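To start, the structure itself, in structure tokens.
All of these numbers come straight from a predicted model, not from anything done at the bench. Lettering follows sequence order; numbering is per chain, from 1.
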Amino acid sequence: MTAPVFRAVGAGALLADFGDVIDEALFARVVALDRAVAAAPPVGLVETVPAYTSLLFVFDPLVTDHVAVEAHAARLIAPGGDFTGAHTHEVPVCYEGDAAPDLAAVAEWLGMSGEAVIAAHLAGEYRVFMYGFAPGYAYLGGVPEALHLPRKAVAVRGYPVGSVMVAGPQCLITTLPMPTGWWVIGRTPLRVLDAGAGRPFLFEPGDQVRFTRVRAEALV
Amino acid sequence: MSVARLRIETAGPLTSVQDAGRPGWRRFGVPPSGPVDRRAFAAALAATGGKEVGIEVSLGGLSFTCEGGPVAMAITGAAVASVNGVEVGGWCVVTLQPGARCRVRESGGNWGYLAFAGEMDGAAWLGSRSTHLIAGLGAGRLEAGAAVSIADARDRASVSIAPPPEAEPVAVARVVLGPQQRFFADEVLARLTGEPFAASARFDRMGMVLDGPALTPLRVDMPSEPAVRGALQVDGDGRVSLLTADHQTTGGYPRIGAVVEPDIDRVAQLPAAAALRFAVVDAGAAVALTRAAAARDAAWLAQVRAGCRARGSLLTANLVDGVVAP
């Protein structure tokens, strides 16, 4: 495995870039570095932000600089990485009626039955790769290839919080009622972002997610 | 000790409560938020001795009635105010008497700030009252009918506030190239510094679209990477946007560069059609520029604090008429 490329980002951040390909082995190195930094942070570090292929170091430029942060980070890079210690979350999903407004369209697009779409979605092994777009929007990789479909041409509004949606190889559980071009195939009563909680985010990047099927009564 | 209450009558769609921001949660998709123009916000707090929290005003302005009080209010940034129909301008401290009607509107830029001598209320989320506007998290957007309470409200003398060291609109913003400069051909990179850009009216708390040459990327198939405030993000058509306070924490559009810390908020303040050019600096220079600006800003804010305090006590002593808080 090659060492990451470090790239300066403005005055107060540094990106450790591990490559251009989305895969678990590469992402495991991102997570490993993120954990190593959490255990031994460089002076002046504000926070780190993991993504598919890179880890961002945000630092206070009044205290440190790119050179010092890179030197510290380079010492923490391991040749590989695994997801030891990552949690596995079971997420109940209702795939019925109002909770699954796009299920029929997805089934038609893919030439599958609705039940086959549900079975394929349940069979996926999902990994939390990163958060983005908006608070609590966790991008889950691992959608089975049979379910890969492009996003809609136009974003649609009106989906409630907890909508489970797919586009391409990704799956996402909404935390806000925002317009989206992804396909909503179910809904969960679980909240990825609970604004009332002390630690309000359900997943850490690197965690695994398994979906289980529940009836509509579970949504109440 | 008195309590003042601001009863909001009209508010533009981008009007919200802010504090210094909410760092530390980017990994969960939460940007720091806070004021778009951090210098102007800090000056409003320094001039009133306000406790951390203020109001950010933009397009559409804000009008409200003050109940209770009196309370001193600072107006900074790109905004001017009138009190009971009398223009008081901007970059000043005025006192609102009970029943005063105040109108604030943007002037000469995009973002204005109000802070009050006392303790403004507002709900905290993750330890900060800053509002993430599209999510509605934090103390929140101010809308018609809302009320804001200021505990321990105090009077202060009317004074003007010295504007920041860099008061004139920014003409050349310094930029560190990258981190996704590999997505741009050399001649497109050259256009960033060689051709003129301009501010546009298409802005919100997430960012501002810039007018200028298309900086079309070679491809847009990158996996989403983390983004920062100040990033110059380029969409598939080559349109450039500056990311600001409520920016997305990750995104799949390449960032051609990042504006250096002291210039970010000044670009965000530029009114539509204001001319802008970019100059490339290296990362070391960006850090040096940031440190120099921070030292200048700290000295200026100390002056604002001292100026308002000294004149405040002097004039208050001459104006004692029974409404001065202890």
Side-chain angles (χ1 to χ4, degrees), chain A residues 5-15 17 19-22 26-27 34 46-67 70 129-139 170 175-178 192-193 195-196 198-205, chain B residues 23-33 123 125-126 132 134-138 174-182 221-232 246 248-252 255 257-264 281-291 293-295:
Chain A
V5 177
F6 287 97
R7 307 180 199 279
V9 186
L14 180 76
L15 189 72
D17 186 350
D20 266 342
V21 187
I22 298 179
L26 193 150
F27 181 60
D34 187 38
V46 176
E47 56 190 305
T48 55
V49 189
Y52 289 104
T53 57
S54 57
L55 182 70
L56 184 74
F57 295 77
V58 180
F59 60 83
D60 180 353
L62 305 186
V63 174
T64 185
D65 61 19
H66 306 82
V67 176
E70 178 176 337
F129 278 92
M130 62 167 205
Y131 283 83
F133 180 64
Y137 272 62
Y139 286 75
Q170 295 175 310
T175 60
L176 298 165
M178 304 266 288
V192 181
L193 185 164
R199 197 192 163 291
F201 303 97
L202 189 61
F203 309 137
E204 268 293 334
Chain B
W25 299 94
R26 277 176 253 230
R27 64 195 291 105
F28 298 112
V30 183
S33 297
W125 182 59
L126 301 178
H132 183 294
I134 54 161
L137 296 165
R174 281 83 49 101
V175 174
V176 178
L177 286 180
Q180 286 97 19
Q181 75 195 80
R182 66 190 183 281
D221 60 348
M222 70 177 249
S224 284
E225 291 189 8
V228 298
R229 184 177 192 148
L232 294 174
D246 283 356
Q248 296 188 9
T249 55
T250 60
R255 270 76 65 173
V259 174
V260 303
E261 198 60 27
D263 293 348
I264 300 169
V281 296
D282 66 23
V287 169
L289 288 165
T290 301
R291 290 177 181 174

Check: What part of Leu177(B) is in contact with chain A, defined as an atom under 4.5 angstrom from a non-hydrogen atom: side chain, backbone, both or neither?
Finding: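 Just the backbone, heavy atoms under 4.5 Å.
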Checking heavy atoms, do the side chain of [X], its backbone, both or neither come under 4.5 Å from chain B?
| X | answer |
| --- | --- |
| Phe203(A) | backbone |
| Leu15(A) | side chain |
| Val58(A) | side chain |
| Thr64(A) | backbone |

Exercise: identify the closest heavy-atom pair between [X] and [Y]:
| X | Y | result |
| --- | --- | --- |
| Thr290(B) | Ala11(A) | OG1-CB, 3.2 Å |
| Gly132(A) | Thr250(B) | CA-OG1, 3.1 Å |
| Val287(B) | Pro61(A) | CG1-O, 3.6 Å |
| Pro200(A) | Leu126(B) | CG-CD2, 3.4 Å |

Side chains of [X] and [Y]: does their closest heavy-atom pair fall under 4.5 Å?
| X | Y | value |
| --- | --- | --- |
| Leu193(A) | Val30(B) | no |
| Arg7(A) | Glu225(B) | no |
| Arg27(B) | Asp34(A) | yes |

Next item on the list: For Leu176(A), enumerate each residue passing the side-chain contact (heavy atoms from CB on, under 4.5 Å) test, keeping only those at least two apart in sequence or located in another chain.
Entry: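 If we apply the side-chain contact (heavy atoms from CB on, under 4.5 Å) test to Leu176(A), skipping adjacent residues, the hits are Ala134(A), Pro135(A), Tyr137(A), Met178(A), Ala135(B).
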Note to self: Holding to ring pair (Phe, Tyr, Trp, His ring centres under 6.0 Å), I want the full list of residues that pass it with Tyr139(A), two or more places apart in sequence or in another chain.
What the structure shows: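 Only Trp182(A) meet the ring pair (Phe, Tyr, Trp, His ring centres under 6.0 Å) criterion with Tyr139(A).
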Margin query: I'd like to know which of Pro177(A), Ala13(A), Pro50(A) tops the heavy-atom pair count under 4.5 Å against chain B.
Written below: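 Answer, by heavy-atom pair count under 4.5 Å with chain B: Pro50(A).
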Check: What class does the angle between the rings of Phe201(A) and Trp25(B) fall in, given that below 30° is parallel, 30 to 60° is tilted and above 60° is perpendicular?
Finding: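 Judged by the thresholds at 30° and 60°, the geometry between Phe201(A) and Trp25(B) is tilted.
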Checklist line | Side-chain donor/acceptor of Glu261(B) to backbone N/O of Gly12(A), under 3.5 Å | finding: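 Judged by distance alone, no pair lies under 3.5 Å.
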Notebook entry, point to check: Which one of Pro226(B), Pro31(B), Ala258(B), Ala286(B) has the most heavy-atom pairs closer than 4.5 Å to chain A?
Noted result: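 So the answer, after comparing Pro226(B), Pro31(B), Ala258(B), Ala286(B), is Pro226(B).
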Check: Which residue out of Arg26(B), Arg174(B), Gln248(B) racks up the most heavy-atom pairs below 4.5 Å with chain A?
Finding: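 Max contact count across the listed options: Arg26(B).
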Next item on the list: With rounding to the nearest 0.5 Å, note down the distance linking CE in Met222(B) to CG in Asp17(A).
Entry: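 Answer for the CE-CG pair, Met222(B) versus Asp17(A), is 9.0 Å.
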